[in-house]
Amino acid sequence: MGDSNKDSCSFLSEKSAKIFVAGHRGLVGSAIVRKLLSLGFTNLLLRTHAELDLTRQSDVESFFAAEKPSYVIVAAAKVGGIHANNTYPAEFIAINLQIQTNVIDSAFRYGVKKLLFLGSSCIYPKFAPQPIPENALLTGPLEPTNEWYAIAKIAGIKMCQAYQIQYKFNAISGMPTNLYGPNDNFHPENSHVLPALMRRFHEAKVNGAKEVVVWGTGSPLREFLHVDDLADAVVFMMDEYDGLEHLNVGSGKEVSIKELAEWVKEAVGFEGELVWDSSKPDGTPRKLMDSSKLARLGWRAKIELRDGLADTYKWYLENVKQ
C-alpha cells in the first residue's frame with residue numbers, strides 16, 4: 001500500500017517495542033512468536049497460564065501496569081471441538097469473555113498503541129452465504145454446537161469496535177479460517193479433522209493396518225490455512241490495517257475432505273486402503289471464507305496445502321509422543 005501519510009513509526013520498524021502475545025504456547029500464539037522472532041523483534045512479553053491467569057482482572061491489570069507493552073496480540077482462548085463445547089458451555093462462554101475483556105480493557109487503560117484480537121470462522125451464521133463475507137456477521141442463527149464460543153468471540157470483535165469508536169483505541173480483529181500446523185492438537189478424541197486424519201493414518205502405518213475408515217462421503221469442501229501463514233497475516237495487519245471492521249483471514253482455496261484425506265495419506269506414507277463410511281454424517285457441505293478484503297490490502301496466503309501437510313507431519317513425528 002505504501003501510504004505516505006501513514007504514521008512513519010510502523011509496527012515493523014519497531015523491533016525493540018514490547019509486544020505481549022497472549023496465549024503464546026498454543027497453535028496460533030506459538031506461530032506468531034516464531035514469526036516475530038524471525039523478523040528480528042527482540043522484546044516479546046510471554047507469560048504462561050501459571051505466571052499470569054488472564055481470567056483474573058486484578059492480575060491482568062497488575063501485569064499491564066508493570067510491563068506497559070506497546071502492542072498486544074490476543075491469541076489466548078479456551079478452545080475445543082463439538083463434544084467439549086456441548087459438555088462445558090459455561091466455561092466456553094465465561095473463560096473466553098473474561099480473557100478478552102480483561103486484556104482489551106487493560107491494554108486501553110495502560111496506553112497500548114495497537115491491539116489485534118483473533119477470533120474464529122465459527123462466528124458466522126450457520127447458513128451464511130458462501131464464500132462468507134465479513135458483513136455476514138450477526139445476520140442469522142449460529143451453529144448450535146459451538147455457539148457459546150462464537151458468542152464470546154463476537155463480543156470480542158464488538159468490544160474492539162466500541163473502544164475504537166468511543167476512545168479512539170486502535171483495536172482491530174482478524175478471523176482466521178480452519179488452521180493447521182506445528183503445535184496442533186492431535187488428541188485422539190477432540191482434535192479437528194486434519195490432525196485427526198494425520199494421527200489415524202500414522203497409527204495405521206505403524207500398526208501395519210490394511211485400511212483406514214473415514215466418516216462420510218468425502219464430498220464436503222473445507223478451507224485450510226497453515227498457521228505460519230496466519231502469523232504472517234497478523235504481522236501484516238499490525239503494520240497495515242486500522243479499520244473498524246474485522247478481517248477474514250483464509251487461503252481462499254477449497255479442498256474436498258476426500259482430497260484432503262488422500263493428501264494426508266500421501267504425506268504420512270500410509271500404503272493401505274482408504275474406505276469411506278457413507279452411512280455417517282458429512283457435516284456442512286461447504287465452508288469458505290471470503291478473504292478478498294485482506295487480499296485487496298495486499299496480503300495473500302503462501303503455503304500450499306500439500307507442502308504444509310508434509311511440514312506438519314514432520315513436526316508430528318518429532319514432537320508427539322507415539
Side-chain angles (χ1 to χ4, degrees), residues 17-37 41 43-81 83-120 122-123 146-160 162-163 167 169-176 179 182-185 187 190-191 227 230-231 234 238:
K18 273 191 181 179
I19 305 170
F20 175 42
V21 182
H24 74 282
R25 293 205 293 190
L27 171 67
V28 172
S30 60
I32 292 168
V33 168
R34 282 197 302 276
K35 182 70 185 176
L36 292 171
L37 291 174
F41 285 88
N43 206 348
L44 304 188
L45 286 176
L46 309 173
R47 295 289 185 277
T48 63
H49 179 71
E51 292 166 329
L52 175 60
D53 182 348
L54 296 174
T55 66
R56 300 178 70 96
Q57 186 180 6
S58 58
D59 294 6
V60 175
E61 284 200 12
S62 303
F63 167 77
F64 273 87
E67 295 291 348
K68 296 209 167 46
S70 294
Y71 296 100
V72 173
I73 298 166
V74 187
K78 178 171 178 63
V79 297
H83 176 71
N85 272 271
N86 281 338
T87 315
Y88 309 108
E91 272 105 305
F92 274 91
I93 195 161
I95 291 173
N96 285 304
L97 284 172
Q98 287 162 352
I99 290 171
Q100 66 206 33
T101 303
N102 293 341
V103 173
I104 294 166
D105 185 67
S106 283
F108 161 66
R109 290 186 191 284
Y110 291 96
V112 166
K113 284 188 195 176
K114 187 169 186 176
L115 174 142
L116 169 61
F117 172 73
L118 289 166
S120 140
C122 73
I123 61 166
N146 55 20
E147 68 176 329
W148 319 105
Y149 179 74
I151 291 280
K153 288 296 179 182
I154 293 167
I157 296 172
K158 290 295 168 190
M159 187 167 174
C160 287
Y163 276 54
Y167 301 129
F169 177 44
N170 195 352
I172 62 169
S173 303
M175 299 298 124
L179 300 166
N183 284 316
D184 207 340
N185 171 16
H187 189 277
N190 55 22
S191 57
V227 72
L230 172 63
V234 162
M238 288 297 285

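Predicted, not measured: the structure shown is a model, and the values here were computed from it.
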Just distance, no hydrogens or angles: give the donor-acceptor pairs under 3.5 Å from side chains in residues 56-63, sequence neighbours left out.
unit_1	atom_1	unit_2	atom_2	d
R56	NE	D59	OD2	3.4
S62	OG	S58	O	2.8

Q: Let me see the working for Q100 and M159 under side-chain contact (heavy atoms from CB on, under 4.5 Å), right down to the final yes or no.
A: CA-CA 9 Å; Q100 66 206 33; M159 187 167 174; 5.6 Å; no
**Q.** Residues R47, L54; criterion side-chain contact (heavy atoms from CB on, under 4.5 Å); working and verdict
**A.** CA-CA 10 Å; R47 295 289 185 277; L54 296 174; over 6 Å; no
Q | side-chain contact (heavy atoms from CB on, under 4.5 Å) assessment of L118 paired with V74 | A | CA-CA 6 Å; L118 289 166; V74 187; over 6 Å; no
(Q) As a quick check of understanding, evaluate side-chain contact (heavy atoms from CB on, under 4.5 Å) for H24 and L36, giving each step before the final call. (A) CA-CA 12 Å; H24 74 282; L36 292 171; over 6 Å; no
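N183 has its side chain within reach of R34: a pair of non-hydrogen atoms, C-beta onward, lies under 4.5 Å apart. Counting heavy atoms from C-beta on, the side chains of F117 and V103 never come closer than 4.5 Å. Counting only heavy atoms from C-beta outward, the side chains of V227 and V28 approach each other to under 4.5 Å.
How far CG of L46 is from CZ of F20: 8.5 Å, rounded to the nearest 0.5 Å. To the nearest 0.5 Å, atoms CD1 (I172) and CD1 (I157) are separated by 12.0 Å. Note that the CD1 atom of I73 and the NZ atom of K35 stand 12.0 Å from one another [nearest 0.5 Å]. Atom OG of S173 and atom CG of L116 lie 7.0 Å apart (nearest 0.5 Å). Note that CG of L37 is 5.0 Å distant from CG of L44, once rounded to the nearest 0.5 Å. Here the CE atom belonging to M238 is positioned 8.0 Å from the CG atom belonging to N170, to the nearest 0.5 angstrom.
Residue-environment remark: NE2 (H83) stays at or below the threshold of 12 foreign heavy atoms within 6.0 Å.
Using a cutoff of 4.0 Å between basic side-chain nitrogens and carboxylate oxygens, K18 and E67 are scored as salt-bridged.
When every heavy atom of A77 is checked against every heavy atom of K153, the shortest pair comes out as CB-NZ, 3.7 Å. Closest approach of I32 to V234, counting heavy atoms only: CD1-CG2, 4.1 Å. A pairwise comparison of heavy atoms in P69 and L45 identifies CB-CD1, 3.7 Å as the closest pair. Nearest heavy-atom pair across W148 and N85 is CD1-O, 3.7 Å. The two residues K78 and Y149 make their nearest non-hydrogen contact at O-CE1, 3.3 Å. Pairing each heavy atom of F64 with each of A107, the nearest pair is CE2-CA, 3.6 Å.
Between the side chain of D105 and the backbone N or O of T101 there is no donor-acceptor pair closer than 3.5 Å.
Taking the six-membered ring wherever Trp is involved, the centroid distance between the rings of Y88 and F92 does not fall below 6.0 Å.
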